[in-house]
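Chain identifiers are assigned alphabetically (A, B, ...) following the order of the sequence lines, protein sequences preceding nucleic acid strands; residue numbering begins at 1 within each chain.
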2 protein chains.
Amino acid sequence: MGRNTEKDTESLVNSKRSASKEMRRAQLIKATIKCVAQKGLSSITMADITKEAGLSLGIVNLHFQSKDKLLVETLRYMSEEYGESVHRALATEGGPAAKLTALMEMDFSAKVCQRNKLAVWFAFWGESKSRPIYQSLCAKIDEDANASVHTLFQQLDKDGDYQHIDPDNFASVWNALTEGLWLDILISPNEMTREKAKAICQGYLASIFPRHFERPRKTKN
Amino acid sequence: MGRNTEKDTESLVNSKRSASKEMRRAQLIKATIKCVAQKGLSSITMADITKEAGLSLGIVNLHFQSKDKLLVETLRYMSEEYGESVHRALATEGGPAAKLTALMEMDFSAKVCQRNKLAVWFAFWGESKSRPIYQSLCAKIDEDANASVHTLFQQLDKDGDYQHIDPDNFASVWNALTEGLWLDILISPNEMTREKAKAICQGYLASIFPRHFERPRKTKN
DNA sequence: ATTTTATGAATGATTATTCATTCATAAAAC
DNA sequence: GTTTTATGAATGAATAATCATTCATAAAAT
């Protein structure tokens with residue numbers, strides 16, 4: 001414990017009355033993520049959330065005004081958390097290949113790629129068409145990550161003197177590939193695991209930038 | 001009109017009392033798809049659905065027993081519809097390359113890839129962790145399509161004598177790529193269009209099987 | 001005439017929100 | 001150091017609103 005640098009709630013929370021506002025909010029948001037994953041966006045109730053958090057019924061309205069706003073803040077929290085993870089991966093020592101590897105490890109890490117969180121992401125995506133605020137938050141995070149990936153692919157193509165006709169196309173594929181693998185992990189956890197997903201990504205990178213990436217041991221099964 | 005061979009509701013439906021059971025069900029399912037896309041799974045009501053269908057409140061319970069069952073049948077309907085589309089694409093005249101092109105055209109066709117339907121797919125995926133029946137329906141359709149794609153990639157690699165080290169890896173990428181592009185089209189419709197998505201797929205195929213696929217005119221912008 | 005299909009007002013269950021009250025903590029007074 | 005007062009976070013019973021479902025009635029089909 002104490003190893004994580006950001007978004008930590010564990011401590012202080014149990015001393016009932018002493019937790020700061022921000023801590024309470026984070027605690028409730030984490031309970032929300034768990035509940036949405038377990039019961040789905042369409043059937044979570046305030047009672048579920050507050051029970052999961054070990055607090056009383058009125059607490060969400062006290063800290064977030066309404067259930068709706070709690071959900072928006074939950075999405076915002078997840079977006080920021082993911083954004084920070086991307087940022088940290090991009091700050092990895094080394095060239096574009098090392099950064100790309102770090103990005104991949106992050107995208108399929110236990111923290112980012114747990115089925116609970118995937119379920120919540122998909123739930124928000126599924127409601128994004130009807131809730132503009134969801135859509136803009138989701139679009140922002142996706143577009144930012146996408147832009148970084150494009151830069152990385154261009155750099156790597158240049159630095160490695162690969163002279164690919166269209167590195168941007170490879171970058172676009174990479175981005176969609178990651179998202180698609182999340183879906184597979186969510187709905188076919190027996191068929192697709194985080195490790196398998198990484199192997200697929202690795203294989204893809206090796207086929208484009210053979211001098212920078214090794215083929216994974218095995219792709220199949 | 002009358003061009004579609006399956007899943008057609010337009011006719012007969014307006015003559016209030018004459019529609020057959022199956023037609024009524026299809027009519028309600030279509031209304032459900034529209035409502036879920038417009039309001040989200042978490043806030044659609046029976047009133048929304050029946051109003052959209054131009055029918056009365058009790059009608060869903062008459063034909064589906066409950067709202068829950070209507071939603072399950074909606075997912076089943078969409079799965080079958082997609083499964084049939086895949087089947088038709090695979091029945092295209094020609095070799096694996098032609099079939100792959102047909103599959104791609106289908107996956108990004110106006111019918112399959114409309115944002116309304118994408119929103120509904122994502123909503124169901126988002127609830128799949130909490131509703132086993134959703135999960136099994138979603139997993140089934142995904143795994144079937146995936147298996148077909150793997151066969152196609154293997155055939156094409158063999159027929160074209162490409163001797164790729166791991167055609168299965170390319171197939172896995174293809175599958176996830178398609179799903180990831182759907183997400184981009186759903187949440188960033190200004191950044192990603194159906195046409196752009198097709199160009200990305202086409203570029204990917206051209207990079208793997210250059211003698212069978214041409215590079216698209218342009219990928220960027 | 002009988003059966004099937006549809007209606008929509010009424011019902012009852014669920015659930016978000018409100019708010020009077022409690023109580024832990026801290027500041028002020030002594 | 002002890003007691004008093006003030007603060008505002010937390011509680012949860014009560015309220016009010018929403019919404020799925022039922023069912024008596026009617027219309028249409030056979």
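- Spacing between atom CD of E22(A) and atom P of dA9(D) amounts to 13 Å, rounded to whole angstrom units.
- With hydrogens and angles ignored, the 3.5 Å screen pairs a side-chain donor or acceptor of Q114(A) with a backbone N or O of K111(A).
- Between R24(A) and dA10(D) there is a side-chain polar atom (N or O) within less than 4.0 angstrom of OP1 or OP2.
- For the residue pair N116(A) and K129(B), a side-chain donor N or O sits within less than 3.5 Å of a side-chain acceptor on the partner.
- Of the residues in residues 62-73 of chain A, those lying under 4.0 Å from DNA chain C by heavy-atom distance are S66(A), K67(A).
- Taking a cutoff of 4.0 Å between a charged side-chain nitrogen and a carboxylate oxygen, D184(A) and K196(A) do not qualify as a salt bridge.
- Remark: P of dA10(D) and CG of N61(A) are 14 Å apart, rounded to the nearest angstrom.
- The aromatic rings of W125(B) and F122(A) lie perpendicular to each other, with more than 60° between the two planes, well past the 30° mark.
- Atom CG in L57(B) sits roughly 13 Å away from atom C1' in dT18(D) (whole-Å rounding).
- Distance, M23(B) CE to dT5(C) P: 15 Å, rounded to whole Å.
- Closest approach of R194(B) to S109(B), counting heavy atoms only: NH1-C, 3.5 Å.
- Here salt bridge (Lys or Arg N to Asp or Glu O under 4.0 Å) pairs that include residues 97-108 of chain A, with residues two or more places apart or in two chains, are E105(A)-K198(A).
- Taking the six-membered ring for Trp and thresholds of 30 and 60 degrees, W121(A) and Y82(A) have ring planes more than 60 degrees apart, a perpendicular arrangement.
- I59(A) has its CD1 atom 8 Å from the C1' atom of dT11(D), to the nearest Å.
- For the strand DNA chain D, secondary-structure stems (runs of at least three Watson-Crick or G-U pairs, all distances below 3.5 Å) span C:1-30 with D:1-30.
- Side chain of T193(A) to main chain of P189(A): no donor-acceptor pair is present (N/O by atom type, distance under 3.5 Å, no hydrogens or angles).
- Judged as a ring-ring contact (aromatic ring centres under 6.0 Å, His included), the pairs with a partner in residues 126-151 of chain A (not counting sequence neighbours) are, in order, F124(A)-Y134(A).
- Pairs passing the salt bridge (Lys or Arg N to Asp or Glu O under 4.0 Å) check and including a residue from residues 33-62 of chain B, sequence neighbours excluded, read K34(B)-E52(B), K39(B)-D48(B).
- Shown for residues 38-50 of chain B: residues whose heavy atoms fall under 4.0 angstrom of DNA chain D, namely I44(B), T45(B), M46(B).
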